[in-house]
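Before any comments, here is the structure.
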Amino acid sequence: MRRIHEPTSTDDPVGSARHTPAPVGMLNPDRNWHLGAGLMTLATAGAFTIWAFAYAGTHVNALLLVLALAFGLFMAFNIGGNDVANSFGTSVGAGTLTMKQALVVAAVFEVSGAVLAGGSVTETVRSGIVDLDQMQVDAPAFTYIMMSALLGAAVWLLLATRMGWPVSTTHAIIGGIVGAAVTTGLVTGTGGLAMVQWGEIGQIAISWVLSPVLGGIAAFLLFGAIKRRILAPAARAIALGSRGFDDGDDEDDADDPEQARHVPGYERLTELQQTAFAESAELDRSPGSPGAELVERAEQLTKKQRKAARNVERKAAYHALEKRVPPLAAGAAVVIASMLMFKGLKNVGLDITPWGGAVLLTMLAVAVWIGTRVFARALRTQTISQATFIMFSWLQVFTACAFAFSHGANDIANAVGPFAAVLDVLRTGTVSQEAAVPMAVLVAFGIALVSGLWFVGRKVIQTVGSGLTTMHPSSGFAAELAAAATVLLASVLGLPVSSTHILIGAVLGVGIVNRAANWKLMRPIFLAWIITLPAAAGIGAVAVLVMRVIF
């Protein structure tokens with residue numbers, strides 16, 4: 001996380017408009033990071049290939065196995081470039097994490113989630129959207145279908161990522177399976193469109209609207225409350241500071257109203273501090289709001305009057321941090337922990353009873369509440385702008401880490417599931433309903449996720465972090481927490497939702513509160529959601545035809 005006293009550096013090329021883009025190419029300041037990530041990816045691919053040949057046995061078709069490895073790693077790479085980038089977009093866009101820090105966090109928590117909770121067993125056709133039993137496919141045909149599905153989904157994800165569109169990787173792999181399976185059925189005369197579970201397709205269509213709406217409503221309510229109850233007092237304290245912005249001392253105060261309009265105190269703040277409170281200042285300075293009247297009145301006050309008023313507001317601002325942030329942090333901890341328990345750690349084998357889970361969550365909430373309050377009191381030595389920025393930055397760091405772990409534990413299955421099925425068929429020569437997932441697969445695919453985030457994820461991060469609306473630590477935290485709560489609630493209720501679409505809706509919800517949602521950019525993103533399934537299906541259909549010709 002960036003230190004408060006440092007201005008935003010140019011090594012973060014994908015944040016909001018306030019960041020200066022870094023030079024592009026291998027000669028830019030990230031050259032060593034590019035080389036390191038590239039060498040790590042190549043070493044992983046080489047070691048994984050050697051392991052795969054030893055695991056599959058000497059009888060395996062070498063070309064088929066190499067293609068399966070390439071398609072599987074390529075799919076994981078593009079999940080990282082799109083889905084993982086989408087998850088980290090709010091943190092990077094808010095200035096809480098740099099791109100390099102996001103890479104490190106992803107490397108630790110995405111891979112940990114994949115390895116620790118990625119699942120020891122996976123269904124061969126995880127979506128259940130195509131009835132392959134109706135086709136009675138043999139082992140080679142099944143292999144071609146799964147490999148083509150991986151390629152179809154990966155190619156579409158790469159195209160969407162290059163355009164900066166965050167799309168659902170789950171919908172992409174479903175589309176790939178549908179396209180490859182239906183094409184195989186039509187070619188062999190063993191099936192066709194009747195194999196598709198159209199009810200499941202209908203649920204996917206519902207998720208295009210239901211997911212962003214639920215995420216948007218949750219973020220709108222949560223961030224609106226944060227702005228009114230926590231950020232507004234801080235904004236009022238800042239508005240009453242030197243020249244209307246600085247909450248430091250009054251050494252530069254002057255009674256000349258003409259000079260006051262130049263706000264030199266604001267220029268003394270670092271770039272990061274300025275942007276951190278742009279949202280709260282806008283809340284209180286919007287036309288017709290109490291804050292707008294306050295700022296106007298502040299300009300009429302003498303130095304002594306303004307100082308007295310500011311002291312009152314600063315006390316209220318610190319009181320908000322100490323009294324209102326701890327219960328918010330405790331609630332966030334419960335939501336995140338519940339998401340990890342019921343989604344991220346579902347395959348670890350932890351047998352936690354509802355009563356035991358309730359006790360653990362209660363203990364966690366109390367510990368976080370107390371810890372956050374102690375931390376808030378320690379921040380009294382900081383200016384109110386710094387204290388609020390630091391508080392929400394750390395809250396967002398924790399939500400980002402939890403999201404990364406949960407993502408590695410769940411969505412990596414979109415690449416691991418079909419690949420594990422192919423690897424099992426190549427090794428045994430038969431199609432089974434379930435296939436074991438070796439640890440080497442989870443590690444290699446987890447590293448591929450991180451590599452995709454670094455090499456191709458920047459445009460998606462830019463879309464989520466600054467394209468749809470400007471992000472700050474408080475708004476980014478609200479968007480992530482609202483998305484996590486919505487995903488958890490939808491899982492409990494069995495609603496057909498997409499975590500990617502929910503997070504995009506949450507970002508828009510924040511934008512609505514700030515009156516700064518970019519609906520123009522949302523149009524191509526929504527169109528991309530709609531065409532994800534048919535696009536991946538079309539590419540998968542072509543791929544399976546080519547594979548049947550080659551093999």
Side-chain angles (χ1 to χ4, degrees), residues 1 14-16 83-97 101-102 105-106 109-110 113 166 211-212 214-227 230-231 276 279 325 328-340 343-344 368 372 389 391-411 453 457 460-491 497-514 517:
M1 187 175 67
V14 296
S16 62
D83 221 3
V84 177
N86 177 52
S87 300
F88 279 95
T90 52
S91 300
V92 176
T96 302
L97 297 174
Q101 290 168 338
V105 171
F109 290 95
E110 289 278 351
S211 297
L214 291 177
I217 292 174
F220 179 84
L221 296 175
L222 177 61
F223 185 56
I226 289 175
K227 291 195 76 168
I230 299 173
L231 296 183
E279 59 189 10
V325 172
L328 175 66
V334 170
V335 170
I336 295 296
S338 299
M339 185 178 68
L340 295 180
K343 290 181 67 66
V368 171
T372 305
F389 180 84
M391 177 65 74
F392 280 102
S393 292
W394 279 110
L395 290 177
Q396 192 179 20
V397 166
F398 287 120
T399 55
C401 293
F403 256 99
F405 184 89
S406 179
H407 184 274
N410 289 278
D411 287 2
L453 169 66
V460 172
I461 284 181
Q462 187 173 14
T463 296
V464 177
S466 62
L468 291 171
T469 191
T470 302
M471 277 288 161
H472 304 283
S474 53
S475 55
F477 165 74
E480 292 176 2
L481 179 58
T486 304
V487 169
L488 181 63
L489 179 62
S491 299
V497 296
S498 164
S499 58
T500 298
H501 300 175
I502 286 174
L503 183 57
I504 296 301
V507 171
L508 286 174
V510 167
I512 293 173
V513 173
N514 287 335

Where is the tightest heavy-atom contact between [X] and [Y], given as atom of each residue plus distance?
{"X": "Met471", "Y": "Val464", "value": "CG-O, 4.2 Å"}
{"X": "Leu222", "Y": "Ala478", "value": "CD2-O, 3.5 Å"}
{"X": "Ala479", "Y": "Leu503", "value": "O-CD1, 4.0 Å"}
{"X": "Val497", "Y": "Ala490", "value": "CG2-CB, 3.4 Å"}
{"X": "Phe389", "Y": "Pro473", "value": "CE1-CG, 3.3 Å"}
{"X": "Ser393", "Y": "Thr96", "value": "O-CG2, 3.4 Å"}

Is any side-chain heavy atom of [X] less than 4.5 Å from a side-chain heavy atom of [Y]?
{"X": "Ile504", "Y": "Pro212", "answer": "no"}
{"X": "Ile336", "Y": "Phe398", "answer": "no"}
{"X": "Val325", "Y": "Leu395", "answer": "yes"}
{"X": "Leu214", "Y": "Ile502", "answer": "no"}

Applying side chain to side chain contact (heavy atoms under 4.5 Å, CB included), can you list everything that pairs with [X], at least two apart in sequence or on another chain?
{"X": "Ile217", "value": "Val213, Leu221"}
{"X": "Val368", "value": "Ala329, Ala333, Leu364, Thr372"}
{"X": "Ala218", "value": "Ala482, Thr486"}

How many angstroms lie between atom [atom1] of [X] and atom [atom2] of [Y], to the nearest 0.5 angstrom?
{"X": "Phe477", "Y": "Leu328", "atom1": "CZ", "atom2": "CG", "answer": "4.5 Å"}
{"X": "Asp83", "Y": "Thr500", "atom1": "CG", "atom2": "OG1", "answer": "3.5 Å"}
{"X": "Thr469", "Y": "Leu508", "atom1": "OG1", "atom2": "CG", "answer": "8.0 Å"}
{"X": "Phe223", "Y": "Leu231", "atom1": "CZ", "atom2": "CG", "answer": "6.0 Å"}

**OP:** Begin with the C-alpha distance, continue with both residues' side-chain angles, and end with the deciding distance and a verdict on side-chain contact (heavy atoms from CB on, under 4.5 Å) for Phe392 and Ser475.
**Re:** CA-CA 9 Å; Phe392 280 102; Ser475 55; over 6 Å; no

Partners of [X] by side-chain hydrogen bond (donor to acceptor under 3.5 Å, both in side chains), sequence neighbours excluded?
{"X": "Thr399", "answer": "Glu480"}
{"X": "Ser211", "answer": "none"}
{"X": "Asn86", "answer": "none"}

